[in-house]
> 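Once you've had a glance at the structure underneath, I'll fire off some questions.
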Amino acid sequence: MPVSGFDQRGRFLLSDVIQNEGIFMTWQPTNNVEQDRFDKLQRLRDAGIDPYPARVQRTHTAQAAIETFERAESGNPESPEIIEVIVCGRIVRQNLKGKIYFAHIEDGTGRVQLFVRIDAIGEAMFEHVRKDLDLGDFLQASGKMMRTKAGEVSVEVSELRLLSKALSPLPIIKEQRLDDGTIERYGEFSDVEERYRQRYADLAVNPDVRDVFRKRSKIIRAVQIFLDNEGFLEVETPILQPIYGGAAARPFTTHHNQLHQDLYLRISFELYLKRLLVGGYDGVYEIGRDFRNEGVSFKHNPEFTQLEFYKAYIDYAGAMDITERLVAYAAQQVNGSTITHFEGHEINLSPPWRRVTVRDIIRQHLEIDYVEHPTAESLEQEMRKSGLQFRPGQTRGKLIEHLLGEVEQHLIQPTFVTDYPVDISPFAKKVHGDTTHVERFEYYIAGMELGNAFTELNDPLDQEERFLEMGRLYGEEDEDAAPVDEDYLRAMRYGMPPCGGVGLGIDRLVMLLTNRSTIREVLLFPHLRARE
RNA sequence: GGCUCAGUAGCUCAAUGGCAGAGCAGUUGACUCUUAAUCAAUUGGUUGGGGGUUCGAGUCCCUCCUGAGUCACCA
């Protein structure tokens, strides 16, 4: 029945519509592999086999089936107790050998081999096994646990059910376990773009990738446990904000239709979390997504996961203490060690970390002492003399930040860089007796900034002045200059206890602890440009 | 956004401006203990899209798309 046009759901039907069990399909096999699989699907349906049944039974995971058998075997090596199992999983390797069929199926716990004899399941079913099963299909297998002559613990299958037919082929990876226990791979799915665009396929065939995200989950859990044990309260604050702030970044904007209100996706949690200290909590933290409408790079994604924590009655030195213990704890929990290996570097995360001022670190690496250059003009001149490339006409604070950027790549071992110029740090308290610097630190590991922290400014009048000063520095039209948050100032006027606050880029921490060189490798679905 | 590099079969990759190929997977056949199974035969391509140069373009030129690296940007 040749048809083209729009169907009821608005899908355009490009070609002949195939009617299949009452389902109208617009999908067509795109190559001979898919065509073959589609033919198999039809054959199974014609034989009365549902390729996508709803009911499933499972008594054991792959791992549990093997472990249960091995326990029984070690208890009675001669005639081990009979272990009946029903296991489920995806076919990741199959091998037909005449009238027997071997397959490895994989579930979330690992792989187990199926051993299928034609005598055990009957000729009709074995014919489907011979002809209609593919790598990627999901099976349910019932049978007794046994050990093959080659010594592999397997399920001797008495009943086999198809759970899900895979119409598109997963990229095949063959593996060989070498004598030393390492696994050698033959063939791979390594095209970076396709791996990110089809992360499901990447995860399905690359166990290393699955491990990264298991570790990511563990890291976040470790951070939560650590902070909970330190007496912090985990909270959630608005992602949709009428006024963005707490960082210098361009926001994403959106709109609430019924309220007729423009809203911003948050660029930080800072101003909401500190309102909670005003409210009487001694310590709060939030782990969540920040959104910044800026460039994408190996360490920047438009949305990224941030940890911020604030604790009353500590200053930035106390914040450093918590930070280094937190990171070391996470490393210990996920890797079993506070030593981590990143791109050839061995990095020791054990406290205490090196502490050095912005001024000293720049002096050490670039031989420029910005204190000797009290104006932007003078500092620019000095920077030009050193052959540095930079955008002219910036504030002195921005220039100092640029200098720090030049130093960043050298900070491999964990380093707290402290005492920042006041004009780039509107939420930090000034260093006692120094009106030009604030009690702030950023911390660097493996040449990457992991986070940023201050002795939080709790003087509402100073804060208001800083807001206004920022506005003057950035200019009205600069989106990086967040609007003055009057409600935040009102909160400050009720009184906020002295406190320290820390931000930590979770994605970068995951990069560090999993030895991945780009943020995209630790994001399940990194942002990519849409394909046309 | 600038610069550099890359895009060839489902996957991983070859191909001096001269017949678009291999391995894996797939298909057909053999095999009742395989495990990168093996053996025999075999299908599969708009070489990212469009344009140009040339007798002839995967290859050279222009342009667009996508990605990677790098710079710029990024409290």
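Convention: sequence-line order gives letters A, B, ...; per-chain numbering from 1. Just so it is clear, the structure is predicted and the values come from calculations on it, not from any experiment. All values below come from the heavy atoms of this structure, side chains included, with hydrogens, waters and symmetry mates left out.
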> With a 3.5 angstrom cut-off on both distances, give the Watson-Crick or G-U wobble partner of rU53(B), or none if there isn't one.
none

> Please name the nucleotide paired to rU70(B) by Watson-Crick or G-U wobble geometry with both distances under 3.5 Å, or report none.
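By the stated definition (distances under 3.5 Å), rG2(B) pairs with rU70(B).
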
> Please state whether the phosphate of rA36(B), meaning OP1 or OP2, lies under 4.0 angstrom from any side-chain nitrogen or oxygen of Arg185(A).
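No.
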
> Using Watson-Crick or G-U wobble geometry with both distances under 3.5 Å, which nucleotide pairs with rC13(B)?
rG21(B)

> Could you give the CG-to-P distance, from Asp119(A) to rU32(B), as a whole number of Å?
11 Å

> Salt bridge (Lys or Arg N to Asp or Glu O under 4.0 Å) for Asp119(A) and Lys99(A)? Distances and angles first, verdict last.
CA-CA 8 Å; Asp119(A) 313 344; Lys99(A) 292 175 177 154; over 6 Å; no

> Should Gln389(A) and His402(A) be marked as a side chain to side chain donor-acceptor pair (under 3.5 Å) after you check the CA-CA gap, both sets of side-chain angles, and the distance that decides it?
CA-CA 10 Å; Gln389(A) 302 259 326; His402(A) 181 94; over 6 Å; no

> Base, sugar-phosphate, or nothing: which does Ser425(A) touch, judged by heavy atoms less than 4.0 Å apart?
nothing

> Searching all strands shown, indicate the nucleotide that pairs with rG26(B) (Watson-Crick or G-U wobble; both distances under 3.5 Å).
rU42(B)

> How is Glu152(A) classified with respect to the nucleic acid when contacts are heavy atoms under 4.0 Å: base, sugar-phosphate, or nothing?
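Base, at least one base heavy atom under 4.0 Å.
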
> Which residue in the set Arg37(A), Arg43(A), Lys40(A) passes salt bridge (charged side-chain N to carboxylate O under 4.0 Å, His left out) when paired with Asp132(A)?
Arg43(A)

> Classify Arg147(A) by what it touches in the nucleic acid, base, sugar-phosphate, or nothing, heavy-atom distance under 4.0 Å.
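Result for Arg147(A) = nothing.
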
> Assess Arg90(A) against Phe138(A): is NZ or CZ under 6.0 Å from the centre of the six-membered ring, and within 45 degrees of the ring's axis?
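Ring-cation test returns no.
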
